[in-house]
Amino acid sequence: MPILSAPSHPLANDEVARIRNDFPLLANELNGRPLIYLDSGATSQNPVSVMEAEQEYYEQRNAAVHRGAHTLAVEATDAYENARSLVASFVGASPEEIIFTSNATEALNLVAYSLSNASSGRGGEAARPYALGPGDSIVVTEMEHHANLIPWQELAARTGASLRYIPVDDDGALRLEEAAAVIDGSTKLLAFTHVSNVLGTINPVAELVALARKVGALTVLDACQSVPHLPIDVTELDVDFMAFSGHKMLGPTGIGALYGRSKHLRAMPPFLTGGSMITTVTMERAEYLPPPSRFEAGTQRISQAVALGSAVNYLAETGMARIEEWERLLGERLVAGLEAVEGIRVLGPRSGQPRIGLASFDVDGVHAHDVGQYLASRGIAVRVGHHCAQPLHRRLGLTASTRASTYLYNTTDEVDAFLTAVTEVRSFFGASAIGGSV
Amino acid sequence: MPILSAPSHPLANDEVARIRNDFPLLANELNGRPLIYLDSGATSQNPVSVMEAEQEYYEQRNAAVHRGAHTLAVEATDAYENARSLVASFVGASPEEIIFTSNATEALNLVAYSLSNASSGRGGEAARPYALGPGDSIVVTEMEHHANLIPWQELAARTGASLRYIPVDDDGALRLEEAAAVIDGSTKLLAFTHVSNVLGTINPVAELVALARKVGALTVLDACQSVPHLPIDVTELDVDFMAFSGHKMLGPTGIGALYGRSKHLRAMPPFLTGGSMITTVTMERAEYLPPPSRFEAGTQRISQAVALGSAVNYLAETGMARIEEWERLLGERLVAGLEAVEGIRVLGPRSGQPRIGLASFDVDGVHAHDVGQYLASRGIAVRVGHHCAQPLHRRLGLTASTRASTYLYNTTDEVDAFLTAVTEVRSFFGASAIGGSV
Amino acid sequence: MSSELESLYQQIILDHAKRRVGQGSVDPSSGAGSELAAGCSTGESHQLNPICGDEVTLRVWLADSRIERVAWEGAGCAISMASASVLTELVSGSTRDDMMEQLDCFRELMRSRGTVVPDEEVLGDAAAFAGVSRFPARVKCAMLAWVALEEAVLAANS
Amino acid sequence: MSSELESLYQQIILDHAKRRVGQGSVDPSSGAGSELAAGCSTGESHQLNPICGDEVTLRVWLADSRIERVAWEGAGCAISMASASVLTELVSGSTRDDMMEQLDCFRELMRSRGTVVPDEEVLGDAAAFAGVSRFPARVKCAMLAWVALEEAVLAANS
Ligand SMILES: Cc1ncc(COP(=O)(O)O)c(C=O)c1O
Ligand SMILES: Cc1ncc(COP(=O)(O)O)c(C=O)c1O
Ligand code: FES
Ligand code: FES
């Protein structure tokens with residue numbers, strides 16, 4: 001991170017208490033109790049500075065970017081490109097390697113459709129190496145979010161390539177010993193998540209990238225749960241593409257980003273087409289701008305980009321290393337606490353093993369939606385369901401789980417209040433009395 | 001429109017003056033002069049109520065929709081679906097026929113890619129009628145915005161279909177007598193703009209739809225410049241698809257909408273894939289939800305949808321018929337005024353003919369970018385360039401033009417100040433003196 | 001305990017979630033040769049709640065437009081399981097028309113967002129689900145088995 | 001008239017936009033047989049400004065690392081036309097190295113957003129473009145012909 005103003009002492013509850021003042025939503029009540037927001041894995045809350053950045057934009061500079069001579073348009077363009085630079089440097093990329101999208105889902109679809117278009121012969125000679133067809137394979141893992149699974153299923157179906165996956169073991173860890181067999185000479189692309197949104201596991205990026213590199217496959221990293229919570233340098237990770245969402249990192253909805261290695265973006269055909277991404281258009285054909293413009297068709301998400309730039313500043317000023325460490329602590333407290341409750345099965349790594357501040361669990365004899373409802377009545381917002389990872393849940397013998405996830409604004413007291421509430425769940429539903437089955 | 005609270009007396013300068021108070025950006029200066037914003041055709045400004053709706057959302061209800069048991073998630077879902085209903089009723093559609101997208105460009109690409117996927121055999125039997133291939137044709141017009149041209153060029157290239165177009169005459173009007181020949185038995189889809197973003201012309205939708213209907217072709221209407229400015233009832237227009245953008249109708253950037261006739265949306269395969277649009281997912285395949293969810297993958301543009309709902313309320317309360325009438329008046333004043341200036345060529349319909357409050361023109365001997373720069377120095381924001389319609393400009397013998405476009409917050413005084421500034425342009429650049437060539 | 005929560009999870013619901021009347025095999029021949037007349041028509045429906053992935057499969061046996069028996073399989077939250085259980089008790093022995101009235105009444109209640117007072121005469125124990133209507137995210141849970149019932153009866157009649 | 005505008009459209013620029021020194025055929029044989037030595041190397045470059053669609057095609061003739069002649073075709077705004085014209089006057093007769101210094105100096109000026117005082121000794125009339133740097137949307141206009149010159153010289157040398 002280029003912004004070096006972050007303090008070096010560790011985050012602690014007193015500083016977190018001050019941080020919380022920046023987040024108006026956290027002062028709300030839920031069902032008549034002070035809100036305990038443990039659902040940042042789904043979407044995070046916005047600090048005042050982010051909302052102000054957006055409002056300031058609309059009051060001072062709102063205009064369509066890249067298109068005008070008048071000063072407003074120039075200022076809007078500057079604001080938009082400045083946001084791109086902020087986001088780029090936040091993840092160690094160059095600005096022209098960052099494409100703004102609506103969310104991570106669209107970022108992953110962008111890659112899939114661009115390769116699909118290359119496979120239909122679009123993009124000419126340069127795009128040829130990006131074409132897939134029968135005999136080629138795409139590899140994912142069994143722990144993927146649907147956003148990093150279905151686009152590849154559809155790409156495979158469109159091109160005739162096959163889709164394979166690296167399985168997980170009973171604890172939800174990737175079976176790396178099988179990965180080497182799954183990724184072979186036919187593999188054109190390996191897509192995997194950096195941090196599982198269900199398990200909190202941090203996957204071994206270097207090992208997986210090495211396997212892909214050996215067979216010349218492209219690598220796509222789903223960084224939805226890592227970019228908001230860990231210091232990320234994409235050059236160190238050395239992946240070809242990386243997707244993340246603004247709304248999970250203190251930014252607004254409606255904005256996400258795709259990192260793409262320059263040499264790929266320069267060679268790949270566009271995905272969405274329309275205005276602002278062309279040089280010359282006739283009725284018959286269009287010539288496209290270089291990246292990132294080539295991949296940003298139409299009027300852009302300007303105010304959302306500006307707000308995301310502001311969010312990234314907030315994170316960088318707080319310090320990603322400090323956030324990581326604080327959340328490691330909260331995550332450990334969550335897992336250790338949950339493991340101590342009778343009838344609770346924590347998914348993913350045991351206590352003591354690395355994870356982010358996120359834990360999913362199953363309560364014996366109580367359905368996840370009932371667990372979530374009970375916790376909500378105590379003012380605690382968690383997520384319940386399959387968390388867009390049905391195959392992983394099926395593999396673990398579940399259809400749903402309950403997930404608590406933290407962020408820089410959560411305190412240890414909140415985690416403790418959550419743990420207390422969890423201990424009450426089974427007796428409320430009469431599950432502890434009858435030994436496990438409602 | 002279901003919201004009947006709009007007054008019935010015509011809009012006039014005094015009411016417009018009050019309306020302007022709702023738009024903070026309009027109080028800004030441009031180059032040291034009071035801003036005269038005549039670029040709403042590119043992007044409109046936001047009233048305070050729209051910004052407040054968005055902020056209120058982040059302070060009170062921010063959560064991921066369609067996914068949670070906790071009250072925040074329920075409120076977020078309600079807010080999002082309520083916005084969909086507002087937008088639907090604003091254009092006379094049912095909520096399930098409205099799909100939120102990032103902008104009109106993405107809405108048009110959605111249709112193109114869904115048909116593309118149907119052409120690759122996705123979507124099974126139901127989607128078969130939406131497949132295109134060699135021998136089929138797609139028809140557009142020569143006046144299209146690139147957003148309603150290039151996606152069809154690419155669809156044609158991917159599927160082997162051919163792309164044809166209805167030409168325009170020297171005044172930029174569609175040559176309808178040729179349309180009947182261009183649209184024939186091979187035509188699977190007709191895509192055209194309701195109102196030209198360069199000419200301000202209102203195209204004869206009924207006639208074009210009838211031609212398409214006769215040969216069983218789908219119709220796609222680019223309503224970017226009509227939904228913000230005219231009362232629209234999509235059932236009356238009787239098109240199959242209609243695209244528009246929020247940022248051109250008092251809403252934020254990053255949100256647009258696609259209307260799709262239910263029977264088509266139900267049969268068509270998805271475009272973007274990922275979370276929130278599936279029922280059952282295995283590692284091998286996914287089952288998709290019915291529309292509109294099928295077409296809204298991933299975390300949605302929640303706050304942007306909420307803000308667009310608020311924008312639509314603002315427009316409906318002001319009254320679209322009144323806005324149309326006021327802008328007709330401003331448009332006529334623009335054109336009549338421009339026609340009276342020596343060395344100015346107005347593109348599109350002559351004064352007295354129907355157009356919205358938008359006029360593009362060429363200044364003899366002065367390049368459009370220089371015209372725009374001169375006007376900006378007088379505090380006037382207009383658009384210059386090809387306005388994402390290169391083929392139309394080429395057809396009219398130009399590479400660029402200058403465009404002034406109005407909205408409900410513009411006064412006749414602003415139009416007059418613009419006209420005065422325009423009269424000064426040629427002498428500043430010395431074009432009038434030397435008779436037309438810089 | 002918050003009263004919101006108790007209005008949702010009435011004791012009747014928690015009890016039924018454990019008792020689960022009617023849960024068992026939905027095989028068309030199950031229960032055959034016993035109380036079921038040979039002239040019974042039977043129909044089955046499978047319903048999925050897309051929000052959570054929970055599923056219910058429900059079968060009805062009808063004779064002379066009367067619901068002779070209901071059986072269901074499935075797994076889900078307390079609300080959905082209790083609803084299937086209460087429904088089984090309630091409609092078994094009802095005429096098709098009575099059952100339709102009960103269904104309409106229950107559906108109206110669920111859609112009411114807390115504004116409708118349940119008609120206990122029509123709904124019996126199912127009136128206990130009134131509190132669910134104030135939790136829009138859980139309405140589908142309560143409706144799941146009812147929708148299955150409606151479609152199973154339709155299937156039996158066709 | 002606003003002084004912002006006059007800082008952009010200096011009189012020199014408005015004049016050159018009309019005079020257009022060097023505008024004419026870029027055919028490699030144009031001007032041949034006249035003052036140009038047979039040993040000249042020549043190179044051409046075509047540049048497009050993607051923002052506006054304007055284009056410039058520029059050709060240089062070099063002899064002994066000296067720019068013997070510049071010719072260009074194209075249409076565009078006053079800034080771009082004036083820049084091509086001023087450039088032609090400025091670099092004709094310069095050595096390749098001097099021209100490169102002029103280019104670097106001009107580019108730095110354009111990127112400065114108004115923070116650099118132009119070096120009139122190096123830039124001559126091109127110093128009049130200093131005001132353009134405060135209009136980021138117009139910097140490409142001023143640079144168009146210069147980028148073409150750079151590439152044309154490269155082409156001539158290779
Ligand atoms: C007629 C027309 N179509 C399409 C578009 C594209 O809209 P957007 O850039 O919001 O996707 C515009 C505006 O730029 C337009 O005026
Ligand atoms: C690991 C992971 N991947 C992808 C996504 C999809 O992100 P979005 O819905 O913002 O596109 C999410 C979050 O929902 C996630 O946690
Ligand atoms: S949560 Fe699945 S049916 Fe209730
Ligand atoms: S506006 Fe096209 S070169 Fe200046």
Side-chain angles (χ1 to χ4, degrees), chain A residues 24-25 30-31 42-43 45-46 51 55 58-59 62-64 67-72 102-103 105-106 109 120 122 142 146-147 150-151 153-154 157-158 165 245 247 252-254 272-275 278 281-283 285-286 297-299 301-304 369 372-373 376 381 383-384 388 390-391, chain B residues 24-25 30-31 42-43 45-46 51 55 58-59 62-64 68-72 102-103 105-106 109 120 122 142 146-147 150-151 153-154 157-158 165 245 247 252-254 272-275 278 281-283 285-286 297-299 301-304 369 372-373 376 381 383-385 388 390-391:
Chain A
L25 189 132
L30 183 59
N31 295 318
T43 204
Q45 298 303 335
N46 293 10
M51 297 187 249
Q55 180 151 357
Y58 282 115
E59 291 185 356
N62 183 36
R67 293 206 200 159
H70 60 77
T71 321
L72 284 177
S102 291
N103 51 28
T105 302
E106 187 176 287
N109 276 275
S120 308
R122 306 303 299 152
E142 204 177 4
H146 296 159
I150 313 181
Q153 290 180 345
E154 290 287 336
R158 283 195 299 269
Y165 62 91
S245 270
H247 68 94
T253 61
L272 301 174
T273 55
I278 53 85
V281 179
T282 64
M283 287 310 292
R285 64 191 309 276
T299 303
R301 305 143 182 98
I302 315 170
S303 75
Q304 291 78 32
H369 272 72
Q373 201 79 58
R383 183 102 326 195
V384 295
C388 299
Q390 286 186 4
Chain B
L25 189 133
L30 182 61
N31 295 319
T43 205
Q45 298 303 336
N46 294 8
M51 296 186 246
Q55 179 151 356
Y58 282 115
E59 291 185 356
N62 182 34
H70 61 76
T71 323
L72 283 176
S102 290
N103 50 28
T105 301
E106 188 177 285
N109 276 275
S120 309
R122 306 303 298 154
E142 203 177 6
H146 296 159
I150 313 181
Q153 290 180 344
E154 289 287 336
R158 284 194 300 270
Y165 62 91
S245 270
H247 68 93
T253 60
L272 301 174
T273 56
I278 53 85
V281 179
T282 63
M283 287 309 291
R285 63 193 308 275
T299 302
R301 305 144 182 97
I302 316 171
S303 75
Q304 290 79 31
H369 273 72
Q373 201 79 58
R383 184 102 325 195
V384 295
C388 299
Q390 284 187 3

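Atom CG in B/N103 sits 8.0 Å away from atom CG in A/L272 (nearest 0.5 Å). Taking CZ from A/R301 and CZ from B/R301, the interatomic distance works out to 7.0 Å, rounded to the nearest 0.5 Å. To the nearest 0.5 Å, atoms CD1 (B/I302) and NE2 (A/H247) are separated by 7.5 Å.
Using a distance-only test at 3.5 Å, with no hydrogens or angles considered, no donor-acceptor pair links the side chain of A/S303 to the main chain of B/T253. Of the possible polar contacts, one joining the B/Q153 side chain to the A/T282 backbone as a donor-acceptor pair under 3.5 Å is found.
Between A/C388 and B/G275, the shortest heavy-atom contact is SG-CA, 3.9 Å.
When the candidates B/S245, B/A63, B/S102 are compared by the number of heavy-atom contacts under 4.5 Å with chain A, B/S102 comes out ahead. Options A/L72, A/T43, A/V281 differ in how many heavy-atom pairs under 4.5 Å they form with chain B, and the most are formed by A/V281. Contact count against chain B (heavy-atom pairs under 4.5 Å) is highest for A/I150 among A/I278, A/T105, A/I150. Of all the listed residues (A/Q304, A/M283, A/R285), the one sharing the greatest number of non-hydrogen pairs under 4.5 Å with chain B is A/M283. The candidate from A/E142, A/Q55, A/Q45 with the greatest count of non-hydrogen atom pairs under 4.5 Å with chain B is A/Q45.
Residues that satisfy the salt bridge (Lys or Arg N to Asp or Glu O under 4.0 Å) test with A/R122, not counting sequence neighbours, are B/E154. Residues passing the side chain to side chain contact (heavy atoms under 4.5 Å, CB included) test with B/P24 are A/E59, B/V48, B/M51, sequence neighbours excluded.
The part of B/L30 that comes within reach of chain A is its side chain, from C-beta onward, which places non-hydrogen atoms under 4.5 angstrom from that chain.
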